[in-house]
Amino acid sequence: MSKSTKTSQPIFDKILIANRGEIALRVIRACREMGIKSVAVHSTADADAMHVRMADESVCIGPASSTLSYLNKAAIISACEITGAQAVHPGYGFLSENAAFAQALQDHDITFIGPTAEHIRIMGDKITAKETAKALGIPVVPGSDGGVPDFETAIGVAAAIGFPVIIKATAGGGGRGMKVAKNAEELEIAFRTARSESKAAFGNDEVYIEKYLQKPRHIEIQVFGDGKGKAVHLGERDCSLQRRHQKVFEEAPGPSITPTLRAKIGKICADAVAKINYIGAGTIEFLYEDGEFFFIEMNTRLQVEHPVTEGIFGVDLVREQIRVASGLPLSFSQSDLEINGHCIEVRINAERMPDFAPRPGLVKVFHAPGGLGVRMDSALYGGYSIPPYYDSLIGKLIVHGRDRPEALARLKRALGELIIDGIETTIPLFDALLAEPDIQKGDYNIHWLEKWLETQFGAG
Amino acid sequence: MSKSTKTSQPIFDKILIANRGEIALRVIRACREMGIKSVAVHSTADADAMHVRMADESVCIGPASSTLSYLNKAAIISACEITGAQAVHPGYGFLSENAAFAQALQDHDITFIGPTAEHIRIMGDKITAKETAKALGIPVVPGSDGGVPDFETAIGVAAAIGFPVIIKATAGGGGRGMKVAKNAEELEIAFRTARSESKAAFGNDEVYIEKYLQKPRHIEIQVFGDGKGKAVHLGERDCSLQRRHQKVFEEAPGPSITPTLRAKIGKICADAVAKINYIGAGTIEFLYEDGEFFFIEMNTRLQVEHPVTEGIFGVDLVREQIRVASGLPLSFSQSDLEINGHCIEVRINAERMPDFAPRPGLVKVFHAPGGLGVRMDSALYGGYSIPPYYDSLIGKLIVHGRDRPEALARLKRALGELIIDGIETTIPLFDALLAEPDIQKGDYNIHWLEKWLETQFGAG
Amino acid sequence: MRKHSPESDVAFIAALAELLNKNDLTELSVKRDYGPDDSLDVRVVKQSNIVQMAAAAPVVQHQAAPMVAAAASAAAQAPLEDPAQHPGAVTSPMVGTVYLSAEPGAAAFVSVGSTVTEGQTVLIIEAMKTMNHIHAPRAGTVKRIVVSDGQAVEYGAPLLIIE
Amino acid sequence: MRKHSPESDVAFIAALAELLNKNDLTELSVKRDYGPDDSLDVRVVKQSNIVQMAAAAPVVQHQAAPMVAAAASAAAQAPLEDPAQHPGAVTSPMVGTVYLSAEPGAAAFVSVGSTVTEGQTVLIIEAMKTMNHIHAPRAGTVKRIVVSDGQAVEYGAPLLIIE
């Protein structure tokens with residue numbers, strides 16, 4: 001990275017952050033470094049929260065319930081009006097992918113730091129998102145494009161997409177009517193069984209066929225658009241280690257992704273968002289297996305795990321979001337973006353192991369790890385009481401190393417230094433994971449963690 | 001950086017750290033990441049210190065006085081013997097540049113993680129250091145090479161080295177007998193005055209002539225040798241902001257150093273240390289003015305400010321010290337070393353402003369800054385009582401940015417987050433420095449800080 | 001006269017300590033007269049605030065630091081000190097701008113000393129270009145008006161006190 | 001009227017102190033009037049060590065974390081708990097290895113119950129291949145030998161107790 005970060009053009013004077021916790025702090029930090037005033041909004045339960053303490057101004061927007069506070073569009077817009085904030089950063093979660101909120105801000109002449117309401121809407125709907133992705137040249141899971149009337153058609157579809165395939169009930173759900181076939185012989189039985197099961201379960205025997213992924217990884221591509229037809233990608237993150245679709249450990253670059261693969265899928269994604277004049281940060285999520293990517297969804301916001309991308313590229317994604325939202329061009333081009341080392345993030349949640357039951361409460365002592373290659377993003381402080389009303393994510397520990405082994409060693413070292421006394425956290429989970437050969441080798445997929453938890457504790 | 005950090009060769013099992021405070025922690029962190037056990041030594045005053053808590057083992061080696069503890073060679077060697085430590089990392093200060101200690105360790109078959117006793121000895125003596133530097137092709141301050149008998153010789157010397165020059169008493173010191181001449185006319189008067197002043201002050205009128213540096217910067221080059229004739233340089237650090245020869249603010253790359261200059265002086269330094277089979281980390285300090293470098297001294301150890309070099313090159317210098325001390329080759333070659341962004345370190349001392357009086361005592365609350373590009377190296381924790389017996393350095397805040405303005409903005413932001421409650425620190429100094437246009441522009445020299453302090457507070 | 005034994009005193013004091021802990025109290029004083037010559041005077045203290053001290057500390061740190069600014073600004077926007085704790089306080093149900101009269105130049109809805117009936121409009125809060133009438137939650141006398149005309153208020157900010 | 005004995009008062013106060021600790025209290029005051037001429041006034045205070053608590057916390061954090069190992073290992077090398085505080089403790093003036101006898105197989109310099117004179121060698125500490133004789137700082141009886149033969153000791157570690 002060598003481009004200047006200086007801007008001569010005027011940018012916002014004041015930004016309101018419609019969020020809480022570590023991501024609100026993250027945005028306040030970027031604002032402060034850009035010389036922009038920040039306004040925190042908070043519920044009555046968060047009056048003592050770190051984001052309120054760190055912001056230049058704060059406004060209480062409602063009671064503890066997030067429906068009445070952090071999701072309260074009118075209160076947030078009023079808070080902009082009374083403080084004179086010209087833009088709103090939504091963070092992740094809450095209103096970050098709420099098209100109506102983006103629209104309402106626009107109607108009030110307040111800039112939403114994120115994509116247009118239209119893009120949020122398109123990507124917020126599973127079906128239009130998939131159609132749009134397909135139309136933009138993003139690979140989706142190949143399948144029959146609707147019901148398959150008979151076995152002859154099924155054989156044709158399966159041959160076209162390649163085995164194994166999965167047969168699913170059009171009316172189905174919950175695993176019923178779903179059959180996997182590894183070859184043509186299995187397909188015949190599977191097709192008939194699936195149809196009869198579907199008939200029995202849903203009163204409708206229509207089935208469709210899709211490629212079956214056995215051990216896919218969750219690979220997501222970070223994209224960034226300037227809203228004027230230019231866009232770049234910032235490589236991938238491997239977020240396969242999930243429990244009940246909640247990511248717990250993310251890394252970049254992905255242990256299974258080669259530079260060629262990265263360049264190829266990255267270009268597809270960057271071109272796609274450029275084509276629709278996408279503005280700001282976005283993440284295109286894929287299932288990845290055997291060198292192929294299959295679109296899951298697009299998140300039209302900053303991701304929790306964005307720091308691993310920041311770490312390997314040395315860029316500040318929130319600063320970049322604010323820049324493009326204010327009309328400035330991207331501060332980097334694709335050729336500026338070079339990967340430097342390896343980054344891993346672990347999510348520290350206020351949860352009891354091994355059942356992940358939320359454990360809010362008083363943090364008596366908080367001591368962040370220090371030294372080379374360690375980044376801690378957390379809104380904790382000694383004496384802070386974690387309220388029980390919100391997400392249990394209380395911190396993200398991000399480490400950077402010259403390569404993956406160095407990053408893993410650093411993660412282990414940093415976890416040993418991190419002290420969060422008074423509550424139970426997911427720290428022991430990561431201590432245990434780091435002892436696993438599969439984790440050390442980077443050999444895991446989206447099923448790995450739940451299987452491991454089951455083996456270790458008899459519970460997913 | 002792309003070289004692998006994996007080592008298949010055996011390295012030390014256990015290292016003793018003959019130091020305290022943040023640098024002891026720094027070494028323990030490197031040990032932990034390399035899977036090496038660490039032994040902390042400590043005085044009775046440091047029983048509760050963080051380095052004792054963090055090490056795998058600890059040995060009390062003496063009473064509070066450092067002469068009887070951290071400088072107690074016999075106690076440290078005994079501590080190696082009773083714990084089975086195979087190597088000693090001396091940190092900086094204390095025994096780090098003590099040739100007798102390096103020798104004593106060698107005599108006891110314990111590896112000193114640093115250069116040979118011989119190299120320490122050569123560079124520890126001002127005169128042999130300068131002679132060695134000169135012989136190795138390192139530029140030194142040009143001058144008359146001894147006494148100048150008459151004005152005609154003086155004119156010749158001055159013409160050869162270029163004006164301005166300074167005339168100094170051979171027997172002198174403390175500024176007496178010192179005269180600056182900007183041109184030939186001034187030289188005549190200056191020469192005669194210096195001689196008569198020298199005669200009056202020291203009873204000896206012999207004077208010598210040197211090039212006079214008006215507003216030099218303190219620029220130091222980081223070198224690293226493998227002890228087998230290979231060496232690299234890791235660019236420069238600008239440490240011009242000093243008070244009473246104590247550095248307070250360091251940055252890399254130096255705002256005044258061009259890539260061409262860096263490559264040139266860097267190669268000279270790397271070649272010089274390669275020629276003498278230097279092993280480990282070393283720093284060659286220069287005064288720098290108008291594109292020219294003049295040798296001051298060489299530090300044969302890790303510097304306090306090494307993290308700014310680590311930041312821009314993405315390497316771990318302590319890991320590298322341990323590697324080469326164990327006989328492994330350097331993990332990087334000159335061509336691997338590419339500068340990435342800009343790094344600044346500020347030294348947080350337990351000192352009262354503006355007179356820098358030491359202020360040890362109880363740290364009631366310690367809260368480290370977090371987020372992107374922030375590194376905190378500190379042995380503080382909430383409830384720690386800083387003992388009055390040692391150095392007042394209690395932490396180093398290091399920030400990294402894509403460029404200097406980004407690093408400066410990040411420094412300001414991080415200083416605002418850092419909380420050390422209960423004692424006075426130098427944090428307000430940096431808040432004030434960051435508001436200075438000269439600091440923002442990088443326009444300072446070795447006199448700047450003392451002049452600024454005088455202007456601000458009427459005291460240097 | 002039966003004297004109380006030290007054992008029973010200890011049990012009594014232990015019960016008090018437990019009570020203190022269970023109820024998160026910080027101090028408990030008891031004077032018990034068992035008889036003319038038999039009294040017990042107990043004071044049990046727990047310096048809790050260990051953590052609050054730590055918690056509060058970040059705010060008082062740097063004089064010029066942004067945290068103070070945040071705290072100060074929050075305080076300026078919502079004077080939550082006294083009036084909010086008052087049992088007669090009417091607090092703001094929304095974020096917005098207060099108007100004490102129906103239109104510029106018109107008489108204020110209420111002033112100190114006014115008698116109000118339940119449901120009577122006491123002021124207006126503008127939020128998202130909408131004028132929201134704030135009604136008296138109960139009948140009484142306006143003892144104090146905490147906000148001024150045109151002032152921005154956050155959720156929960158005290159507006160006026162009716163007793 | 002039976003007066004309370006000092007012994008029972010001490011027991012009472014000890015019970016209060018225990019109670020204070022068990023309940024994490026910081027202060028406890030009791031005034032007990034047993035009768036006209038018989039009253040007891042006790043105040044038990046514990047300097048809450050707010051900071052020590054915080055300070056101590058890092059050590060107790062992760063069960064498996066290295067900090068515990070460090071603490072444990074330090075403790076193992078130097079049992080500083082009781083003997084070091086003992087007024088009769090002889091502590092190690094250096095880091096090294098303790099030998100209780102002049103050479104392997106020889107009789108120990110002293111054993112528990114030995115009477116020693118001031119300056120008498122009580123054990124040897126080997127440091128840097130040198131055998132350092134440790135002398136009794138005063139005459140007395142060896143009450144306890146804290147170290148064992150061949151044990152490594154750090155500076156200040158208690159060696160034996162002479163009374």
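We name chains A, B, ... by the order of the sequence lines, and we start the count at 1 in each one.
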With rounding to the nearest 0.5 angstrom, report the CD to OG distance, Glu154(C) to Ser78(A).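 So the CD of Glu154(C) and the OG of Ser78(A) are separated by 12.5 Å.
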Show me, pair by pair, the donor-acceptor contacts under 3.5 angstrom made by side chains of residues 94-105 of chain C, not counting sequence neighbours?
unit_1: Tyr99(C); atom_1: OH; unit_2: Glu126(C); atom_2: OE1; d: 3.2
unit_1: Ser101(C); atom_1: OG; unit_2: Glu103(C); atom_2: O; d: 3.2

Do His108(A) and Met128(C) come within less than 4.5 Å of each other through their side chains, counting heavy atoms only?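 Result yes, sub-4.5 Å side-chain heavy-atom pair found.
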Count the heavy-atom pairs under 4.5 Å between each of Pro63(A), Ala74(A), Cys80(A) and chain C, then report the option with the highest count.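 Highest number of pairs under 4.5 Å: Pro63(A).
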Closest heavy-atom pair and its distance - Thr44(A), Tyr155(C):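 Residues Thr44(A) and Tyr155(C), closest heavy atoms: CG2-CE2, 3.6 Å.
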Do other residues, nucleotides or ligands put more than 12 heavy atoms under 6.0 Å from the OH atom of Tyr389(A)?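 For Tyr389(A), atom OH is not crowded (no more than 12 foreign heavy atoms under 6.0 Å).
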With a sphere of 6.0 Å drawn around NZ of Lys14(A), does it hold more than 12 non-hydrogen atoms of other residues, nucleotides or ligands?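 Above 12, so yes.
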Using the test ring-ring contact (aromatic ring centres under 6.0 Å, His included), find all partners of Phe109(C) that sit at least two apart in sequence or belong to another chain.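 None.
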